[in-house]
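Here is the structure we will look at, set down as structure tokens.
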Amino acid sequence: SAKDDSQRQLEEQLDHDGGDRRLDGSDLVKTIEGYRDMTSKVLEREEKRAKWMEVKDSLPRMPGVVKAQGTSGLDKILDDDDRFGVWPG
């Protein structure tokens, strides 16, 4: 889902081995740019989670949609990327 994808992207950027090297702190300007970009990713993740929870809470409970593995079919219904595609910008 879109909220899980944004969390995964954030974790990839913060990964010690393969993440954003600007966060190492070796160059002050690049480090600040890296912090700015990471802040944007965190805000994006939080917006997607909040939107997902808002929509989820407004829908009626649908017990038949919950799968045996514990994942919800609501993830697919509410996923913006699946419904509208990924914005190219």
Side-chain angles (χ1 to χ4, degrees):
S1 70
K3 69 179 180 59
D4 295 330
D5 288 342
S6 62
Q7 177 64 34
R8 182 187 46 75
Q9 289 173 0
L10 180 63
E11 289 173 0
E12 286 174 0
Q13 289 288 31
L14 290 173
D15 181 56
H16 179 70
D17 296 321
D20 194 338
R21 301 287 21 129
R22 297 176 299 172
L23 300 175
D24 289 343
S26 57
D27 180 345
L28 180 62
V29 174
K30 290 189 183 284
T31 301
I32 291 171
E33 290 172 353
Y35 279 17
R36 182 197 64 210
D37 292 346
M38 292 307 302
T39 301
S40 296
K41 288 201 176 291
V42 169
L43 290 173
E44 177 184 335
R45 179 199 63 188
E46 293 303 313
E47 287 173 1
K48 287 185 179 187
R49 280 187 175 176
K51 183 178 177 183
W52 191 88
M53 290 304 291
E54 180 182 331
V55 172
K56 180 182 172 192
D57 290 342
S58 68
L59 292 174
R61 300 287 178 228
M62 298 184 294
V65 175
V66 177
K67 299 177 184 171
Q69 295 86 7
T71 60
S72 173
L74 287 176
D75 285 340
K76 190 156 187 74
I77 293 169
L78 298 175
D79 190 3
D80 284 345
D81 291 346
D82 284 344
R83 286 192 305 165
F84 306 114
V86 178
W87 183 254

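Remember, it's a predicted structure, so these values are computed and weren't measured experimentally.
- How far CG of Asp20 is from NZ of Lys30: 10.0 Å, rounded to the nearest 0.5 Å.
- For the atom pair Ser6 OG and Arg49 CZ, the distance stands at 7.0 Å (nearest 0.5 Å).
- At least one side-chain heavy atom of Gln7 sits under 4.5 Å from a side-chain heavy atom of Glu11.
- If you chain together hydrophobic residues whose side chains sit under 4.5 Å apart, Tyr35 and Val42 fall into the same group.
- Checked against side-chain contact (heavy atoms from CB on, under 4.5 Å), Asp24 has the following partners two or more places apart in sequence or in another chain: Arg21.
- Annotation: the span from Asp37 atom CG to Ile32 atom CD1 amounts to 12.0 Å, rounded to 0.5 Å.
- A search for side chain to side chain donor-acceptor pair (under 3.5 Å) contacts involving Glu12 returns Arg8, not counting sequence neighbours.
- Counting only distance, with no hydrogens or angles, the side chain of Ser26 and the backbone of Arg22 share no donor-acceptor pair below 3.5 Å.
- Residues Asp5 and Lys48 are not paired through a salt bridge, judged by the lack of any N-O separation under 4.0 Å between the basic side chain and the carboxylate.
- If you take CD on Gln9 and CG on Asp4, they are separated by 11.5 Å, rounding to the nearest 0.5 Å.
- Using modelled atom types, no side-chain atom of Thr31 and backbone atom of Leu23 make a donor-acceptor pair closer than 3.5 Å.
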